[in-house]
Structures are given as C-alpha cells and as structure tokens.
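What follows is a single structure, written as structure tokens, with notes after it.
By convention here, the first residue in the shown sequence is residue 1. Read the numbers this way: they start at 1 and go in the same order the structure lists the ligands and their atoms.
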Amino acid sequence: METFVDKAALLRRHGLHITAQRLAVLRAVSDRPHSTADDIDKAVRAEIGAISRQAVYDSLSILTDKGLLRRIQPASSPARYEDRVGDNHHHLICRMCGRTVDVDCAIGDTPCLTAADDSGYEIDEAEVIYWGRCPECVLRPEVSSGG
Ligand SMILES: [Zn+2]
Ligand SMILES: [Zn+2]
C-alpha cells in the first residue's frame with residue numbers, strides 16, 4: 001500500500017506541485033484502476049469534498065500528460081484511467097458489463113511493439129484491447145427479447 005508520502009514524492013519526481021487535489025486523484029485511480037473520469041470525480045469528491053469537476057478533470061489530464069497515469073480509450077466507451085504505467089500491458093474488457101482487467105503483454109517482453117511494418121514511426125506503445133464477455137457474464141442467462 002503506497003502512502004501519502006510516496007504519492008507526494010511521485011508528484012515531485014515528475015516536476016509537479018503537490019496539491020490535495022492531485023494526491024486525491026492519484027489515490028482514487030490507484031484504488032480503482034480502469035475507472036472513468038466520472039467515477040474518479042465521485043471518489044475524489046467523497047474524499048475531499050470541495051473540488052470542482054473541472055479540477056478533477058484537469059488533474060487527470062496533467063497526470064496523464066506527465067506519465068503518472070495512463071489513459072485507455074476503448075471504442076464507444078468513456079476513457080479510463082490507471083496508475084500502472086510504462087509496462088505496455090493490455091486489457092480485457094467485457095462487452096456486457098464493461099469490467100476491465102489487466103493482461104500482460106502477449107508473449108515475451110513487448111513483442112507487439114515490433115510492428116510488421118513501422119512505416120518509419122518510432123513506436124513506444126501498443127494499445128491492445130481484447131473484447132469479450134467476463135466469466136460472470138458468460139454464466140448469466142441470455143436476456144431474451146421475446147420474453
Ligand atoms: Zn461482464
Ligand atoms: Zn490496466
């Protein structure tokens with residue numbers, strides 16, 4: 001469990017001022033990885049109260065820009081945030097309930113960063129999302145529209 005001091009040090013290491021908002025946002029994201037900005041906004045507000053939605057969104061965006069958080073943007077879903085950064089892990093997302101879990105890179109270190117043809121780009125991230133149904137949704141009986 002990371003402490004308050006660790007998070008403050010993390011901010012400082014990235015050249016960011018330490019503010020109650022940023023600490024609360026970092027903590028909310030690390031408690032609930034893959035949350036949407038909305039979820040994080042609710043969590044932060046429950047914790048420190050006096051904070052505007054805009055301040056939460058601003059904190060999320062600066063923390064993402066500085067590399068403390070990673071933003072994943074699944075198709076037709078709001079962006080989600082996590083604090084597991086820099087290891088190019090991938091995600092499994094349930095189509096039914098939206099549950100998102102981490103999955104390590106396919107095999108070896110980061111084979112998906114080695115594109116068959118990189119077109120001269122310097123690649124530093126491969127965003128892979130595996131879509132499907134989570135174990136719970138697989139077990140759930142199909143909702144039939146016919147009654
Ligand atoms: Zn599910
Ligand atoms: Zn993740």
Side-chain angles (χ1 to χ4, degrees), residues 1-16 18-48 51 53-116 118 121-147:
M1 202 65 180
E2 269 191 288
T3 65
F4 176 89
V5 177
D6 293 331
K7 298 239 183 294
L10 191 66
L11 286 171
R12 201 176 303 121
R13 250 202 325 279
H14 286 79
L16 289 165
I18 297 159
T19 65
Q21 284 99 320
R22 285 173 187 166
L23 288 172
V25 167
L26 275 179
R27 200 154 42 228
V29 174
S30 80
D31 287 351
R32 318 166 178 66
H34 314 124
S35 290
T36 62
D38 241 19
D39 296 334
I40 293 156
D41 179 52
K42 277 191 205 97
V44 168
R45 214 175 295 214
E47 190 187 328
I48 62 174
I51 184 169
R53 190 182 177 79
Q54 192 56 48
V56 172
Y57 280 65
D58 288 350
S59 294
L60 278 173
S61 98
I62 190 158
L63 293 170
T64 304
D65 288 350
K66 293 283 184 177
L68 282 77
L69 297 181
R70 179 173 171 199
R71 179 176 18 226
I72 45 178
Q73 179 63 75
S76 69
S77 146
R80 289 159 186 272
Y81 296 84
E82 65 185 343
D83 68 345
R84 182 177 161 187
V85 295
D87 67 350
N88 194 65
H89 71 272
H90 304 317
H91 294 98
L92 284 162
I93 304 181
C94 176
R95 284 185 197 284
M96 317 291 285
C97 69
R99 182 137 64 112
T100 304
V101 299
D102 288 335
V103 49
D104 288 333
C105 209
I107 342 149
D109 271 341
T110 51
C112 21
L113 290 183
T114 312
D118 65 12
Y121 282 50
E122 184 186 287
I123 300 172
D124 59 28
E125 183 175 341
E127 189 166 296
V128 176
I129 296 179
Y130 301 95
W131 292 92
R133 285 189 296 164
C134 72
E136 277 169 33
C137 289
V138 166
L139 293 177
R140 196 170 294 161
E142 293 287 332
V143 180
S144 77
S145 47

His34, N/O/S atom nearest the Zn ion (ligand 2):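 Answer by atom name: NE2.
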Which atom of Glu82 approaches the Zn ion (ligand 2) most closely (N/O/S):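 For Glu82, the N, O or S atom at the smallest distance from the Zn ion (ligand 2) is OE1.
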Shortest non-hydrogen contact between His34 and Thr100, atoms and distance: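 Heavy-atom minimum between the residues: ND1-O, 3.4 Å.
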Closest contact, heavy atoms only, Val44 versus Ala24: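 Smallest interatomic distance, heavy atoms only, reads CG2-O, 3.7 Å.
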Asp104 and His90 side chains, donor-acceptor separation under 3.5 Å: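 There is no such pair between these side chains.
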Heteroatom N/O/S of His91 within less than 2.8 Å of the Zn ion (ligand 2):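 Coordinating: yes.
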Test log, rule salt bridge (charged side-chain N to carboxylate O under 4.0 Å, His left out), inputs Asp39 and Arg32: CA-CA 9 Å; Asp39 296 334; Arg32 318 166 178 66; over 6 Å; no
Atom pair OG1/CG of Thr19 and Leu11 - distance to nearest 0.5 Å: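 So the gap between those two atoms works out to 7.0 Å.
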Angular separation of SG (Cys94) and SG (Cys97) seen from the Zn ion (ligand 1), to 10°: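 Angle SG(Cys94)-the Zn ion (ligand 1)-SG(Cys97): 110°, rounded to 10°.
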Vertex the Zn ion (ligand 1), arms to Cys137 SG and Cys134 SG, rounded to 10°: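 With the Zn ion (ligand 1) as the vertex, SG (Cys137) and SG (Cys134) sit 100° apart.
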At the Zn ion (ligand 2): angle between His89 atom NE2 and Asp102 atom OD1, to 10 degrees: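 Roughly 90°, rounded to 10°.
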